[in-house]
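Written out below as structure tokens is the structure these notes cover.
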Amino acid sequence: MLRFTLLWLLVFLFASISSSSARPAPYAMRISCGARQNIRTPPTYTRWYKDFAYTGGIPANATAPSHITPPLKTLRYFPLSEGPENCYIINRVPKGHYSVFAEALVFLLDGSVSICFHSTGHGDPTIISIEILQIDERAYYFGPEWGRGVILKTTSRLTCGTSKPKFDEDYSGDHWGGDRFWHPIRTFGKNADAPRSTESGIKKASTVPNFYPEALYQSAVVSTDSKPDLAYTMDVDPNKNYSIWLHFAEIDATITSAGKRVFDVLINGDTFFENVDVVGMSGDRYTALVLNTTVALSGRTLTITLHPKKGNHAILTAIEVFQVIVAESKTSSEEVRALQSLKKSLGLPNRFGWNGDPCVPKEHPWSGADCHFDKSGRKWFIDGLGLDNQGLRGSLTNEISKLHHLQSINLSGNSIHGAIPSSLGAVTSLEILDLSYNFLNGSIPESLGKLTALRRLNLNGNSLSGRVPSALGGRLLNGASFNFTDNHGLCGIPGLPKCGPHLSAGAKVGIAFAVFLSLVLLVICSICWWKRRRNILRAQQIAAASRSAPYAKSRTQSSHDIQMSRNPSRGRTASENGPSLLS
């Protein structure tokens, strides 16, 4: 039985937008993973596109838990046989800052979003749907730390005093707020609080930049006489920073004015907000109020406590808690493209993965790629390739030279064919190059002699030919380890056959052209001789046939007798001879 880890992925896109109130609808892309056709889901009949943009995985039917809506019926899962990393790569997405609310890694590369899944060996990563939704550029601004290098990952999002799970879409929320999922919590504990609700309108709810739906504030919980403190505890990851957003609206009919209900807000026992008066701070009853703070937590629990100071009871509408993550530095885009080109030219099997970023997350680098972090440039780069004995059957392209920081390349024991790219000579940091036991042919590029850092070169067991570059031969005197054996066409250094007269490339081309021209002339002469011979044989056959015919022989003899009988009268004119011959 397959073990699935269900992921509901919701990506909110922060993109630059106009400050004008009359702005176009936000960008939205919804994908029903595993689906083979577009679908619409009730009650809002939102459109979900059929599955696309994936690098691998297997589609399957899904039985979604009842608390997850909309009711999508398919999924895509990624068994290890499909590779340790698989991604969805969606192009033509507006550039911007991302806040991620799911267990997934998201990259923004040149107008595309890469959503990647890394198998940890504990079940197959599985995804039901993806939403990429554009929201206001200042959404969830929480202070100076907020910016392009920060990701917000949802830890908890609760709507209090109700038992119905809802998305912003279900609340008829503004599309510029996204489509957040609100998990319901009717009570924090037995006899700990009491629900409140209203159908009255809520002021200041759906406002810039977060555009919270108005209906969110129409339910709440209020503490009781037996437990005046209103407290909620959740599990968190230790030693992380968390952005906490608390929502309030005074919808209790017993509170009629400011000062009637005042409380403090404590987080893990420390007071963060004193004397919170919802009516006084929001300006009126039935008016939304949002408080935000960022805390550093060392433990594994987060407890939010509302302690009444006036009115004996506290009130709470909703809670949002985000883990603040500093986005990891990415691998150089040029080196990522070079590795993708190498993946294609070498025909890497699916089991390698090689999707997403080669070095991020650093716990799951690409198989066969060694990463190093450049602190000065704040980027990762590739300093080693180890793909020996992997059954590779492709060829090497010049794109490998774009991996400027390589120190070691080991592609030995495969079935790589073709020539050694001369561009390898541009990877000046290369110290080890092992291409032994493949099917490489052609000559050793002169450019390899420019690799002054090269101390080990294994090209044995191929089909290389020609003179070994003199610069490489000279390096042997300085303790370098080079192996050129089992290449029957190589020559020019001790241990290999001596080379014949050295011909330049132009001379080789000239000789080849002369040989080709000679072959063409030989073919033309042979055709002419054959045609002449055929004509001669045909003439001989006709002559032989004439001599063998009796009638032809008799006519020939009669004509000969007539001519002989007329020979004595040589003195006659042509007019005299003519009639006589005719008669």
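Each residue takes its place number in the sequence, starting with 1. For clarity, every value in this text was computed on a predicted model and none was experimentally measured.
For Thr428, the side-chain contact (heavy atoms from CB on, under 4.5 Å) criterion is met by no residue, not counting sequence neighbours. The side-chain contact (heavy atoms from CB on, under 4.5 Å) search around Ser423 returns Asn398, Ser401, Pro421, not counting sequence neighbours.
Between Tyr77 and Glu82, the side chains place no donor N or O within less than 3.5 Å of an acceptor N or O (distance only, hydrogens not considered). Between the side chains of Asn239 and Ser298, no donor-acceptor pair is found at a separation under 3.5 Å. Side-chain polar atoms of Tyr141 and Asp136 form no donor-acceptor pair below 3.5 angstrom. Asp357 and Thr331 share a side-chain donor-acceptor pair at under 3.5 Å. Side-chain atoms of Ser332 and Trp380 form no donor-acceptor pair, as typed in the model, at a separation below 3.5 Å. A side-chain donor from one of Ser436 and Asp434 sits under 3.5 Å from a side-chain acceptor of the other. At a cut-off of 3.5 Å, with distance as the only test, no side-chain donor of Thr162 or Ser219 sits close to an acceptor on the other residue. Between the side chains of Asn292 and Ser243, a donor-acceptor pair is found at a separation under 3.5 Å.
Within 6.0 Å of atom NE2 in His417, more than 12 heavy atoms from other residues, nucleotides or ligands are found, so the atom counts as buried in its surroundings. Around atom CZ of Phe439, no more than 12 heavy atoms belonging to other residues, nucleotides or ligands sit under 6.0 Å away. Counting heavy-atom neighbours within 6.0 Å of Arg456 CZ, excluding the residue itself, gives a total of 12 or less. Heavy atoms of other residues, nucleotides or ligands lying less than 6.0 angstrom from NZ of Lys240 number 12 at most. Atom CZ of Phe52 has more than 12 heavy atoms from other residues, nucleotides or ligands within 6.0 Å. Within 6.0 Å of atom CD in Gln37, 12 or fewer heavy atoms from other residues, nucleotides or ligands are found, so the atom counts as exposed in its surroundings.
Salt-bridge check for Arg180 with Asp168: passed, with a basic side-chain N closer than 4.0 Å to an acidic carboxylate O.
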Check: Can His405 and Glu335 be said to form a side chain to side chain donor-acceptor pair (under 3.5 Å), step by step?
Finding: CA-CA 9 Å; His405 302 88; Glu335 297 207 351; 2.9 Å; yes
Note to self: Checking Ser463 against Asn441 for the side chain to side chain donor-acceptor pair (under 3.5 Å) test, could you report, in this order, the C-alpha distance in whole Å, the side-chain angles of both residues, the deciding distance, and whether it holds?
What the structure shows: CA-CA 5 Å; Ser463 300; Asn441 53 36; over 6 Å; no
Check: Given the rule in the side chain to side chain donor-acceptor pair (under 3.5 Å) test, do Ser376 and Asp374 qualify, once you have shown the distances and angles that lead to the verdict?
Finding: CA-CA 6 Å; Ser376 60; Asp374 178 15; 2.7 Å; yes
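The distance from the CD atom of Gln323 to the CG atom of Asp237 is 5.0 Å, given to the nearest 0.5 Å. Atom CZ of Phe373 is separated from atom CZ of Arg378 by 4.0 Å, given to the nearest 0.5 angstrom.
Asp388 places no side-chain N or O within 3.5 Å of a backbone atom of Leu411 that could act as its donor or acceptor partner. Under the 3.5 Å distance criterion, the side-chain polar atoms of Lys343 are matched with a main-chain donor or acceptor of Trp354. In this structure, Glu169 contributes its side chain and Asp179 its backbone to no donor-acceptor pair below 3.5 Å. The backbone N or O of Asp235 lies less than 3.5 Å from no partner atom in the side chain of Thr301, so there is not a single donor-acceptor pair. Remark: the backbone N or O of Ile31 is not paired with any side-chain donor or acceptor of Ser129 at under 3.5 angstrom. Asn410 contributes no side-chain N or O that, together with a main-chain N or O of Ile432, makes up a donor-acceptor pair within less than 3.5 Å. In this structure a side-chain-to-backbone donor-acceptor pair under 3.5 Å is present from Asn462 to Asn438. Remark: side-chain polar atoms of Asn355 are paired, donor with acceptor, to backbone N or O of Gly353 under 3.5 angstrom.
With a 4.5 Å cut-off on side-chain heavy atoms, Glu214 and Lys203 do not count as touching. Annotation: side chain of Asp170 is not in contact with side chain of Trp182 (no heavy-atom distance under 4.5 Å). Residues Leu302 and Ile267 have side chains in contact (heavy-atom distance under 4.5 Å, counting atoms from C-beta outward).
Ring geometry for Phe78 versus Phe117: interplanar angle under 30°, hence parallel rather than tilted (30 to 60°).
Here Tyr140 and Phe322 bring their ring centres to under 6.0 angstrom of each other. Taking the six-membered ring for Trp and the full ring otherwise, Trp245 and Phe142 have centroids separated by 6.0 Å or more. The ring of Trp176 has its center no closer than 6.0 angstrom to the ring center of Phe211.
Judged by the 6.0 Å distance and 45° axis criteria, Arg30 is not positioned over the aromatic ring of Tyr49.
Among all heavy-atom pairs drawn from Ala338 and Glu399, the shortest one is CB-O, 3.6 Å.
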